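Each residue takes its place number in the sequence, starting with 1. Whatever order the structure lists them in is the order used to number ligands and atoms, beginning at 1. The analysis underlying the following values was restricted to heavy atoms, covering all of them including side chains, and did not include hydrogens, waters or symmetry mates. Every value quoted in this text rests on a predicted model; they were computed, and no experiment measured them.
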Amino acid sequence: MKMWTIEGNEGLAEEIRAAAGRDALGSAYILSGGGSRGEAGRYLAAAMECRGERPPCGVCAACRKVRAGIHPDVVVVEDAEHKNISTEVLRAVRSDAYILPNEGRRKVYLFPDCSRLDAKSQNVLLKVLEEGPAHAAFLFCAQTSAQLLPTIRSRCVTLRLAEGAEEGPAERDRAERLCSLLLGGDTLGLAAFFTAVETGKMKREELQALLTETRDRIVQALAETGPGGRPADSRLSRRQLTGMADVLERQIRQLRFNLGVGHVAGALSVELARCMRE
Ligand SMILES: [Zn+2]
């Protein structure tokens, strides 16, 4: 029988399954991007509740209840009476999170649309996100993670859903690798990375997607720290990282104007290394 997956995001679904198998799922996630966020949210909630083999198995009682939207410990947080979810509803969520699950392994709160969470209501959730009980989990579905406050984002793992089929796990891996080279100030690694891009016949659209994803991650890392601070996991200063984001932006534009992949990769290698030295 075919394993349950997230349509168009099979790689991500496998990552979640692998983490669930190691019992390594966290307690706060943002599911962002244009893909089927609701479906991904249910999949992740089921991975937390599943009692079968290779969670989420999709067939055990817990999985079936989550899929049908009737699991008593998976709460979809909505507010039919208001445009934005009211702080009363969120305060109720906050106190409920401390109560043990009814029958599930965890209490999961699924926010299907974060455009309905304003800054005030997000602040109600901060503390429970930070120091809530281990059994509570919060899943935020958002078109873009920018809908959430930096203080919330910094407490969550962001899982990006592909718009269609174009952003696969290979692209995500590459962006992650490039980001860690940049944040770590690894000039040698950087040169090797772009040599591989030049010789690996990467397509223009692929490089564009890679650079866009990398720039977004750097901008997010910057947004999560105050003006004086230095982003977590980074050996570089804010000024250096801001310089890198600018370089990436400029080269994304160059690609749009049809400059070749080899040319852009060469320029990136030189200019990003310069940012690291400055
Ligand atoms: Zn299951």
Side-chain angles (χ1 to χ4, degrees), residues 1-78 85 89 92-114 117 125 128-129 132-143 145 148 152 155-165 167-170 172-173 176:
M1 200 180 78
K2 193 169 158 280
M3 293 294 275
W4 183 15
T5 186
I6 308 168
E7 245 14 273
N9 284 277
E10 290 78 4
L12 181 65
E14 260 327 294
E15 280 173 39
I16 292 172
R17 176 166 282 135
R22 294 194 307 275
D23 205 15
L25 287 174
S27 58
Y29 288 90
I30 296 171
L31 295 153
S32 75
S36 41
R37 295 186 291 274
E39 188 196 340
R42 279 191 297 279
Y43 181 92
L44 181 51
M48 292 177 170
E49 302 289 4
C50 177
R51 293 182 185 275
E53 274 176 36
R54 304 201 62 212
C57 68
V59 293
C60 72
C63 281
R64 276 186 284 128
K65 283 184 183 177
V66 176
R67 292 181 93 165
I70 53 167
H71 195 295
D73 295 308
V74 177
V75 180
V76 179
V77 184
E78 284 168 322
I85 300 177
V89 168
V93 163
R94 194 175 57 184
S95 358
D96 187 62
Y98 287 89
I99 301 168
L100 285 171
N102 285 297
E103 58 173 55
R105 306 173 61 202
R106 305 185 72 172
K107 272 274 194 48
V108 183
Y109 299 91
L110 179 63
F111 296 81
D113 180 8
C114 288
L117 281 174
L125 297 171
V128 70
L129 272 182
H135 65 248
F138 299 84
L139 315 183
F140 299 100
C141 301
Q143 172 79 45
S145 57
L148 293 153
I152 298 263
R155 288 162 174 79
C156 296
V157 174
T158 299
L159 303 176
R160 284 161 215 269
L161 296 163
E163 295 286 340
E167 194 208 16
R172 244 196 334 268
D173 285 352
E176 201 162 297

Trainee: Strictly below 4.0 Å, N to O, side chains only: are Lys65 and Glu49 in salt-bridge contact?
Mentor: no

Trainee: Check Leu25, Val66, Val108 against Leu44 for a side chain to side chain contact (heavy atoms under 4.5 Å, CB included) and give me the one that passes.
Mentor: Leu25

Trainee: Is any side-chain heavy atom of Cys141 closer than 4.5 Å to one of Leu110?
Mentor: yes

Trainee: Within this structure, what is the CD-CD1 distance for the pair Glu15 and Ile6, rounded to the nearest 0.5 Å?
Mentor: 9.5 Å

Trainee: With a cut-off of 2.8 Å, how many protein N, O or S atoms neighbour the Zn ion (ligand 1)?
Mentor: 4

Trainee: Are any of the side-chain nitrogens in Arg17 or Glu14 under 4.0 Å away from the carboxylate oxygens of its partner?
Mentor: yes

Trainee: So Tyr109 and Phe138, would you call those rings parallel, tilted or perpendicular, with 30° and 60° as cut-offs?
Mentor: parallel

